[in-house]
Amino acid sequence: MEKGVKIGIIALLLLCLLSLPADFYQLTRFILVALFSIMAYNAHTKASVFELGFYIAMVFLFQPFVEIPLGIMGWKIVHIGVAAILAGSFFIGKKKQKEVSVNQ
């Protein structure tokens, strides 16, 4: 489930790079808050403090109630950066799973 949620978040963040109506971005913020909250809960159950902190920070960054005024370019940089971090963690997680299965 975690892989699917990460792929969904990455897809939404990359869609935000396109020029779309403002309502799409508002809806995306609600969806991202829900998905990052799920990821934070999963990190909490795994006792991964760093991941938990990252996902909670993302919930506060993308919360739709009080917008952070970064400008269009600032938000595009944030979207690319968060998508890159999630993609990196996605591939690092695969690599760690392979190492664990080889060592056992």
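Basis for what follows: all heavy atoms, side chains included, without hydrogens, waters or symmetry-related copies.
Applying the 4.5 Å side-chain rule to ILVMFWY residues, one finds Ile56, Phe60 in the same cluster as Leu52. Grouped by direct or indirect side-chain proximity (heavy atoms under 4.5 Å, Ile/Leu/Val/Met/Phe/Trp/Tyr only), Met73 sits alone.
The distance from the CD1 atom of Ile72 to the CD1 atom of Ile77 is 12.0 Å, given to the nearest 0.5 Å. The structure places CE of Met39 at 7.0 Å from OG of Ser89, a figure rounded to the nearest 0.5 Å.
Applying the ring-ring contact (aromatic ring centres under 6.0 Å, His included) rule to Phe65 yields the partners Phe30; only residues at least two apart in sequence or on another chain are considered. With sequence neighbours excluded, the residues satisfying salt bridge (Lys or Arg N to Asp or Glu O under 4.0 Å) with Glu51 are Lys46. Not a single salt bridge (Lys or Arg N to Asp or Glu O under 4.0 Å) links Lys76 to another residue, sequence neighbours left out. Partners of Leu70 according to the side chain to side chain contact (heavy atoms under 4.5 Å, CB included) rule, which considers only residues two or more places apart in sequence or in another chain, are Ile68, Trp75, Val78.
Annotation: side chain of Phe36 is not in contact with side chain of Gln63 (no heavy-atom distance under 4.5 Å). At least one side-chain heavy atom of Arg29 sits under 4.5 Å from a side-chain heavy atom of Glu67.
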Show me, pair by pair, the donor-acceptor contacts under 3.5 angstrom made by side chains of residues 9-21, not counting sequence neighbours?
none

Audit row: Phe62, Thr28, side chain to side chain contact (heavy atoms under 4.5 Å, CB included) steps and yes/no
CA-CA 9 Å; Phe62 289 107; Thr28 300; over 6 Å; no
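Under the salt bridge (Lys or Arg N to Asp or Glu O under 4.0 Å) criterion, no residue pair touches residues 15-25, with sequence neighbours excluded. Among residues at least two apart or in separate chains, salt bridge (Lys or Arg N to Asp or Glu O under 4.0 Å) pairs with a member in residues 4-18 are Glu2-Lys6.
Hydrophobic clustering of Ile, Leu, Val, Met, Phe, Trp and Tyr side chains at less than 4.5 Å, counting indirect connections, keeps Tyr55 apart from Phe50. In terms of hydrophobic clustering, with Ile, Leu, Val, Met, Phe, Trp and Tyr side chains grouped at heavy-atom distances under 4.5 Å, Leu61 and Ile85 are assigned to a common cluster.
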